[in-house]
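Chain A is the first sequence line, chain B the second, and so forth, proteins listed ahead of strands; every chain is numbered from 1. Heavy-atom basis, side chains included; hydrogens, waters and symmetry copies ignored.
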Protein chains: 2
Amino acid sequence: MAKLDFAPIADTTRRAEIVALLRRAILTGQLEPGQKLNELRISEQMRVSRAPLREAMRELVQEGILTGIPYAGTFVVDVTAKDIIDAYSLNKVLDEFAIELAWPQRDQRFFDELDRRHEAVKQATRAKDTTRQIETALQLHGLIYEWADNSVLLETWQRLTSRLQMYFALHQRARNEPVPAEDVHETYVALLKGSDMRAAQRHAREHIDLDFEELLAYARGLERRASKN
Amino acid sequence: MAKLDFAPIADTTRRAEIVALLRRAILTGQLEPGQKLNELRISEQMRVSRAPLREAMRELVQEGILTGIPYAGTFVVDVTAKDIIDAYSLNKVLDEFAIELAWPQRDQRFFDELDRRHEAVKQATRAKDTTRQIETALQLHGLIYEWADNSVLLETWQRLTSRLQMYFALHQRARNEPVPAEDVHETYVALLKGSDMRAAQRHAREHIDLDFEELLAYARGLERRASKN
DNA sequence: GATAATCAGATTGTCGACAATCTAACAAGA
DNA sequence: TCTTGTTAGATTGTCGACAATCTGATTATC
């Protein structure tokens, strides 16, 4: 018998599709932080009853990108400067750990995948598709987590990364500037291919700090706006 | 006006209560790994309709202690030896980070709370209440995370710890032995009160490793059982 | 005029019923 | 005997309606 690996059938529940739709809307910044999600309105727009919608929302609340208050409503999470600082500082720690775990696991498939994802980022950059650029950059970054072979770590990072994606999207959307043309990932990729693990870890830290200041400025803006209410 | 901090009103939705009930049942091992949760049966037992029950289950799926397969059912997560290894190795990393962050934040309230929680563990141990012993021990352990003042880190640890609690409960339940009488937390508490941060971090690592081997043995037993199916 | 009580509208939480899907047991055909 | 098709029962997914709760505007009371 031919040895062929079939991928699992996609989830075809309405709930799963709703989750995907909502998550995308939030992570791309189409739904703004603090915004309320009206169940009736959304369910009518999606031509779906409230039951699967509410279940989907529950998932996203647990995922940390929505907040639910009983009898008051479900809202897109507010983003504070501290949230961003916290997320980033944790990300640094996790990155170091992920690189350490993934390092001995690197093989040809790893390098190929690294190049593939790097290429995807560059393509999105050329196409000036900022949303996709953020997505692909995070996917590139996530490779070390997938190779670390630690399911809990991977899951943790995925939760963390969804927030980061949201932050970046909001940031991009706010400043509304063209995307930097140069390739900021070149060194990162090169270091992951190299033989100096410490250097890779160090760079991961510094590379992260690169956009950090800008992002923080944006978050402080958000807080000023929030304090007016 | 008197400056009094009122605690938030407890959530009075059925969903929240169901979540609490189910979580407790899972984390104490009353619901075994792999076991299927029949919606109709549970909803009848709780005298509740399936809607809030399903929403509660969705939360717990996202929380990582249940797994949901469309049109097949919702199950208590399976525990493999690798899961435990992964959780523990991540826990070490997080612990180091938490201690580092919490260290400069330590104040009198911290030390008081430390003693209080330590006392709670000792009391549960004297009462031979294994379930409560696990709970209190994890709460003691969680203090550094609460003092680290990093919401993302705290949240991450809480997710992680719910699994650890489950592992420990299953382990205890399986071996069915009396609880160790000596106080394994004495040194940990003393170090957190001291002035040598590195020593505290080191001990956190080693203290964790203490019960690790036993827990692993239990997990391997689980896997043997699972492979028979 | 300020404060408290009341009420209507909107929104969330919950329920019971129906539709879609899966499982397994059984039958049909090679 | 093995595979494939069929079917009944059980279980999950979804729906529409109702109940509980909140919000704010209005009215009543001092």
Side-chain angles (χ1 to χ4, degrees), chain A residues 1-2 4 6-23 25-26 31-63 65-78 229, chain B residues 1 6-23 25-26 31-32 34-63 65-78 226 229:
Chain A
M1 193 194 275
L4 175 58
F6 284 105
I9 286 293
D11 295 352
T12 52
T13 61
R14 297 185 193 281
R15 182 183 65 234
E17 288 188 49
I18 297 171
V19 166
L21 273 176
L22 283 180
R23 185 189 289 123
I26 297 165
L31 286 170
E32 286 176 18
Q35 186 172 343
K36 178 172 177 178
L37 279 70
N38 185 309
E39 297 179 1
L40 194 58
R41 194 155 43 85
I42 295 179
S43 68
E44 282 170 354
Q45 287 176 355
M46 292 189 179
R47 310 286 177 79
V48 159
S49 81
R50 283 173 55 222
L53 173 63
R54 282 174 58 86
E55 290 182 14
M57 282 173 151
R58 277 299 127 200
E59 288 192 29
L60 295 176
V61 166
Q62 278 309 100
E63 206 173 302
I65 60 182
L66 290 180
T67 19
I69 303 172
Y71 290 106
T74 310
F75 308 82
V76 179
V77 287
D78 270 319
N229 303 355
Chain B
M1 192 200 268
F6 284 106
I9 287 292
D11 295 352
T12 52
T13 61
R14 297 184 194 282
R15 180 183 67 234
E17 288 189 49
I18 297 171
V19 166
L21 273 177
L22 283 180
R23 185 190 288 124
I26 297 166
L31 286 170
E32 288 177 16
Q35 187 173 340
K36 178 173 179 179
L37 279 71
N38 185 308
E39 296 179 1
L40 194 59
R41 193 156 45 84
I42 295 179
S43 69
E44 282 170 353
Q45 287 176 355
M46 292 188 179
R47 307 287 177 79
V48 160
S49 81
R50 283 173 56 221
L53 173 63
R54 283 174 58 87
E55 290 183 14
M57 282 173 151
R58 277 299 128 198
E59 288 192 29
L60 296 176
V61 166
Q62 278 309 98
E63 207 173 301
I65 60 182
L66 290 181
T67 15
I69 303 172
Y71 290 107
T74 310
F75 308 83
V76 179
V77 287
D78 270 319
N229 303 354

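Of the residues in residues 42-60 of chain B, those placing a heavy atom less than 4.0 Å from an atom of DNA chain D are B:Arg50, B:Arg54, in numerical order.
Scanning for salt bridge (Lys or Arg N to Asp or Glu O under 4.0 Å) contacts around A:Arg50 gives A:Glu39, with sequence neighbours left out. Applying the side-chain hydrogen bond (donor to acceptor under 3.5 Å, both in side chains) criterion to A:Arg23, with sequence neighbours excluded, gives A:Glu63. The salt bridge (Lys or Arg N to Asp or Glu O under 4.0 Å) check on B:Arg58 picks up A:Glu59, with sequence neighbours excluded. Take B:Ala51 and apply the side-chain contact (heavy atoms from CB on, under 4.5 Å) test, not counting sequence neighbours, and it matches B:Ser49.
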Below 3.5 Å is the cut-off: list the nitrogen or oxygen pairs between protein and nucleotides 6-11 of chain C, distance only.
{"unit_1": "C:dT11", "atom_1": "OP1", "unit_2": "A:Asn38", "atom_2": "ND2", "d": "3.2"}

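Between B:Leu53 and B:Ser43, the shortest heavy-atom distance links the atoms CD2-N, 3.8 Å.
B:Leu60 contributes atom CG, which lies 11.0 Å from atom OG1 of B:Thr67 (distance to the nearest 0.5 angstrom). Taking CE of B:Met57 as the start and CD of B:Gln62 as the end, the distance is 14.5 Å to the nearest 0.5 Å.
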